[in-house]
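The structure under discussion appears below in the form of structure tokens.
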Amino acid sequence: MRVSSAVPSIGFLNWLIVHHRCTHTRGQVMTNYDPDAIEARWQAAWNDASAFESDVDLSRQKFYCLEMFPYPSGQMHMGHVRNYSIGDSMARFRRLAGFNVLYPMGYDSFGMPAENAARRIGGHPHDVTWSNIEGIRSDLNRMGFSYDWRRELATSDSSYYRWNQWIFLKFHEMGLVERRTAPVNWCDSCDTVLANEQVKNNRCWRCAGEVRQKDMAQWFLKMTKYADELLDELDHIEFPENVKAMQRNWIGRSHGADIHFPIVDSDDVIKAFTTRPDTIFGVTFVTLAPEHTLCENLVAGTEFEENYRKLADECARLSEFDRINMLRDKKGVFLGRYATNPLTGTKVPIYAGNFVVASYGTGAVMAVPGHDQRDHDFAKKYEIPILQVLSEDEGKDPKVTGRAFEGLGWMANSGLPGFDGLYGDNAKAAVIEALEKEGMGAGTIQYRLKDWLLSRQRFWGTPIPFIHCQSCGVIPVPEEDLPVELPLDVVFTEGESGNPLANHHGFVNTNCPSCGATAKRETDTMDTFYDSSWYFLRFADALNDSTPFSKESADYWMEGGVDLYIGGIEHAVMHLLYARFFTKALRDAGLHNVSEPFSRLVCQGMVNAPAPFCAECNVEYHVDIEGTPCPTCGNTLGSRSAKMSKSLGNTVSPEIMIEKYGADTVRLFILFGANPEAGMDWSDSAIDSNHRQMRAIHSALIQGIENDVGVGTMDEWLLARSRQAHNNWTDNMSNVSLRDGVMISHFEMVTDWQWAQRRGGVSASAGREYLNHWIPMLYPATPHLAEEMWEMLGNKTMLAQTILNLSPRQNDSDAIVLGQEEYLKRVIDRARSVRELAERHTEGTLSAVNIQTANDWKEILASQAIQMHNDDFDFKAGGNKFLQTQKCFQDESTKGDVMQFWRALVVGQKKRRGRIYTWGEQELALLSSSEFDEVDFISNNAGFIASTLGIESVEVYRAGEGEDVAGKARTSLPLEPGIAWR
RNA sequence: GCAGGGGUUCCCGAGUGGUCAAAGGGGGCGGACUCAAGAUCCGCUGUCAAGCGCUUCGCAGGUUCGAAUCCUGCCCCCUGCACCA
């Protein structure tokens with residue numbers, strides 16, 4: 001069979017007609033994508049329809065989508081835009097899927113910035129905060145986020161913080177509140193104490209000012225009671241690995257033993273905590289933190305006192321930060337006394353060491369220089385004996401290497417029966433058992449986690465609801481007197497420090513609820529992390545004014561936790577740990593039945609933008625100095641992607657971008673720029689190209705809506721593609737792989753539509769069906785455009801109120817319909833790739849393509865091999881035998897070709913496996929179909945191929961049935977025809 | 001030091017044993033349309049002698065018929081914690 005075609009096929013003409021109409025007869029109004037008008041219109045429509053309000057409905061499956069609520073600092077930044085674009089897309093997607101979606105928003109509005117701002121401008125933090133909230137709210141609305149605004153809350157509103165106080169009283173009843181005098185972290189510049197979690201490198205987490213220790217009466221929440229549960233439950237929640245690691249690290253549970261070392265000639269005992277009781281026989285000295293109370297007792301009045309005092313003073317004088325920096329230099333002083341190893345009775349010297357931390361464990365360390373590198377260094381410096389009591393190799397004596405062997409090993413040299421030869425946990429257990437028997441110690445667990453210090457000496461926070469009475473002590477404010485409100489008649493002035501609450505007589509002076517005498521209110525307020533530790537529960541029932549939330553609401557919306565929680569990694573320890581603790585404590589208070597607040601956490605990556613960078617100094621600079629040499633070394637500055645920040649000046653204003661491109665484009669850019677957890681780089685050209693993409697989508701949709709073609713050649717294919725796309729899209733969206741989802745909905749769907757037009761067009765009815773599938777896919781990421789087009793398509797119900805069937809779609813014929821088109825694309829692709837070669841080998845211009853499909857016998861062998869493969873035929877064992885029975889194998893002239901082809905079919909060569917293993921569903925469908933014939937298919941599409949390749953004709957026949965152009969007959973395979981140019 | 005995550009083509013970034021010279025996007029280049037610009041569309045974007053060629057997924061080895069993918073060692077980057085006993 002030979003086909004020659006110089007005329008475009010029917011389909012091709014069809015496309016020209018459609019194309020023609022679109023570009024010339026359509027009105028200008030319809031062709032313009034006008035995001036401002038569309039977005040305003042639909043935001044109003046959603047609002048009018050209360051489309052995003054959701055209530056408890058036990059008959060429906062819920063989906064609680066939550067973002068870390070913002071601190072209202074005035075304006076929304078790109079980090080917010082990213083965070084909330086992700087959340088909004090997921091909320092909208094889940095609504096489409098039929099879930100009852102709770103998607104609320106609020107403001108974490110207590111805190112120091114408002115207080116400082118009020119001081120600066122001479123107002124009240126309340127006013128500063130509320131005007132900032134107005135600003136953020138309007139930005140959020142401009143982005144079109146689909147919150148249930150009825151549930152909006154602000155933690156600085158007494159309708160919220162009264163429940164902070166209520167819960168605090170509850171915790172007090174439960175014994176979780178404690179007021180005690182303790183050394184606390186004090187930040188001079190913030191004028192308040194800080195929780196442990198808020199101190200990094202001995203600097204304040206907010207202002208980076210140095211933190212110093214101070215003894216004060218403070219309020220604590222006993223979070224340590226929940227340490228084990230907080231740690232163990234990490235295994236059952238879907239948090240990113242690094243977040244889990246940070247929390248584990250922070251809780252810092254270590255198993256070990258407290259071991260008692262009696263002091264010689266004294267009744268005192270040194271209790272040392274160790275994680276390595278198995279090394280007890282290697283103890284050659286004991287080290288105390290200089291602050292340890294025993295030091296003073298032991299050394300007083302001895303010749304060693306002066307040295308000790310020097311060390312202790314040095315440690316006390318240095319901040320902990322400096323101390324860590326100085327600690328390369330391990331220092332210790334002998335205290336003149338000895339302690340006894342409780343198992344061996346050996347006397348070992350007692351030292352004070354600057355590297356022992358008073359606040360961890362017991363502040364005393366048993367030193368084993370043979371198996372701890374720090375102790376090893378110390379022992380060498382002060383010429384203390386080093387004993388090896390663990391062997392690296394079973395049954396052998398320990399090696400002496402000049403370094404400590406810190407791994408687990410087999411016990412040796414214990415000098416007591418029953419220990420040598422024990423390994424690891426067994427060794428530890430044996431030592432603990434012996435200690436317990438002697439009453440000289442016990443197995444124990446240490447935590448790094450401390451109780452949460454939550455009082456702050458600041459104004460703009462929740463007042464701690466307690467009253468100090470001369471005779472009754474510190475007693476709680478009765479529940480009916482809540483809330484204890486912050487006074488509004490407070491004047492903030494610049495330069496004034498301290499807590500204005502303390503000087504506010506109306507607030508401070510009250511009567512004791514118990515005895516009625518005059519009394520003073522507590523003026524400390526709560527850490528703002530307290531506010532955010534349960535706001536997700538309040539959202540479940542935000543309008544309740546008789547309890548923080550009803551049990552029914554909490555149990556419905558919070559069942560299994562918030563389904564998707566999105567926010568920044570900076571809260572990995574503090575907020576997320578506190579919130580987990582709160583949830584468990586409130587569960588134990590009987591307020592709900594939930595154990596973990598967040599079942600899945602997604603930490604969105606940074607939004608970066610270029611900043612000047614000196615590679616030499618490894619420093620990023622403010623964008624202002626772009627183009628100048630490095631201020632430090634004078635080298636030419638390069639550029640590097642860096643987190644958007646005020647200090648670098650590389651921020652991009654969301655408002656300006658929305659104004660320029662519209663909210664949908666900004667959303668698309670954010671979602672397409674990177675998957676949620678990856679960092680993304682801001683790029684002006686990228687957002688521009690995303691805007692072009694929005695226009696391309698818009699015009700494709702308009703074209704589809706106006707399409708009135710009666711019969712379309714690409715109907716089947718386009719609909720098959722849409723089913724395939726639907727399935728992949730649903731999977732990606734369900735997994736929060738938004739980038740991949742958007743790639744399908746906003747890129748591949750357009751490409752397919754355009755391909756269908758080029759290939760002959762689609763009918764009006766198929767086009768509408770395609771749009772009916774496509775437009776809802778556009779909705780989660782770019783809801784405004786989707787609603788507009790959905791309506792234009794004639795739908796009366798908004799997408800915001802539409803539920804789709806998202807179960808997989810598939811027609812039996814899809815594989816073959818899709819496979820054919822793939823085949824065509826591949827043929828064209830291969831033709832292009834050999835074109836250049838052909839041009840070099842041919843004189844004159846190329847005007848035709850010659851295609852030879854595989855010989856008959858190849859197709860027969862291929863389908864037999866596929867069949868045999870399905871039946872698990874052993875090709876290694878029986879392949880050759882089978883081949884010999886084949887007719888094509890008898891012909892001596894083609895025997896070699898048959899062998900070679902068979903190999904390509906069932907074995908493969910080099911890195912490529914045999915075709916029977918690599919053919920996919922579509923290829924297999926084509927090969928086994930009686931309807932698909934390569935020669936027929938190519939000749940039917942010869943016009944398209946010719947016009948696409950820009951040539952005059954395409955000829956096609958089965959190898960052997962025509963001239964063997966360029967010897968391509970031999971190389972042709974089923975679905976991979978030989979292609980030559982002429 | 002410990003823990004977690006990384007290193008892929010000009011850039012960003014997908015890819016966790018064979019259909020991989022490696023998706024997609026950005027950028028660049030070329031072309032079509034146009035008086036022109038923008039927009040839009042099409043193509044190219046490791047290499048050559050054009051082949052089921054050669055080289056390439058941080059470096060060096062190993063496992064395998066076959067490695068970007070698995071294993072071992074090393075180097076580098078990011079994040080967090082840090083004389084935590």
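Below, chain A is the first sequence line, B the second, and so on; all start at residue 1. These numbers come from the heavy atoms of this one structure, side chains and all, not from hydrogens, waters or symmetry mates.
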Distance, P atom - from rU47(B) to rU9(B), rounded to whole angstrom: 15 Å
For rC84(B), does OP1 or OP2 lie under 4.0 Å from any side-chain N or O of Arg374(A)? yes
Need the pair for rG4(B). Rule: Watson-Crick or G-U wobble, both distances under 3.5 Å, any strand; none if unpaired. rC78(B)
Please enumerate all protein N or O atoms sitting under 3.5 Å from an N or O of nucleotides 22-28 of chain B, with distances to 0.1 Å.
unit_1	atom_1	unit_2	atom_2	d
rG24(B)	N2	Arg739(A)	NH2	3.0
rG26(B)	OP1	Ser689(A)	OG	3.1

Pairwise C1' distance for rA32(B) and rA39(B), with rounding to whole Å: 14 Å
Between P on rU40(B) and OH on Tyr33(A), what's the gap in Å once rounded to a whole number? 13 Å
Residues passing the side chain to side chain contact (heavy atoms under 4.5 Å, CB included) test with Glu923(A), sequence neighbours excluded, are Arg826(A), Trp919(A), Leu975(A)
Sequence neighbours excluded, which residues qualify as side-chain hydrogen bond (donor to acceptor under 3.5 Å, both in side chains) partners of Thr224(A)? Asp451(A)
Mind checking the C1' distance from rU34(B) to rC41(B)? Whole angstroms is fine. 13 Å
Among residues two or more places apart or on two chains, list those pairs meeting salt bridge (Lys or Arg N to Asp or Glu O under 4.0 Å) that have a residue in residues 277-287 of chain A. Arg276(A)-Asp278(A)
With sequence neighbours excluded, residues passing salt bridge (charged side-chain N to carboxylate O under 4.0 Å, His left out) with Asp752(A): Arg721(A)
Should rC65(B) form a Watson-Crick or G-U wobble pair with both distances under 3.5 Å, which nucleotide is its partner? rG18(B)
Map Trp250(A) and Val750(A) onto RNA chain B by nearest heavy atom, then report which one ends up closer to the 5' terminus. Val750(A)
Qualifying residues under salt bridge (charged side-chain N to carboxylate O under 4.0 Å, His left out), relative to Glu677(A), sequence neighbours excluded: none
Can you tell me, in whole Å, how much space there is between the C1' of rG53(B) and that of rA3(B)? 47 Å
With rounding to the closest Å, how many angstrom separate the C1' atoms on rG18(B) and rU64(B)? 12 Å
Of all the choices, rA85(B), rC83(B), rC42(B), which nucleotide is nearest to the side chain of Phe355(A) once you look at every atom? rC83(B)
So does Gln754(A) get a side-chain nitrogen or oxygen closer than 4.0 Å to the phosphate oxygens (OP1/OP2) of rC41(B)? yes
Residue pairs fulfilling salt bridge (Lys or Arg N to Asp or Glu O under 4.0 Å) with at least one residue in residues 243-255 of chain A, sequence neighbours excluded: Asp228(A)-Arg253(A), Asp232(A)-Arg253(A), Asp235(A)-Arg248(A)
Between OG on residue Ser745(A) and CG on residue Asn732(A), distance to nearest 0.5 Å: 9.5 Å
Would Lys825(A) pass as a cation-pi partner of Trp755(A), given that its NZ or CZ must be under 6.0 Å from the six-membered ring centre and within 45 degrees of the axis? yes
Within residues 358-372 of chain A or reaching into it, pairs that qualify as salt bridge (Lys or Arg N to Asp or Glu O under 4.0 Å) - sequence neighbours excluded: Asp372(A)-Arg374(A)
If you measure from the C1' atom in rU8(B) to the same atom in rA67(B), how many Å do you get, rounded? 14 Å
Would you tabulate the pairs of protein nitrogen or oxygen atoms and nucleotide nitrogen or oxygen atoms of nucleotides 3-7 of chain B closer than 3.5 angstrom?
unit_1	atom_1	unit_2	atom_2	d
rG4(B)	O2'	Asn242(A)	N	3.3

In whole Å, measure the gap between the P atoms of rA23(B) and rA14(B) for me. 14 Å
Phosphate oxygens OP1/OP2 of rA82(B): is one of them under 4.0 Å from a side-chain N or O of Arg448(A)? yes
Roughly how far apart, to the nearest Å, are rG28(B) and rC20(B) at atom P? 29 Å
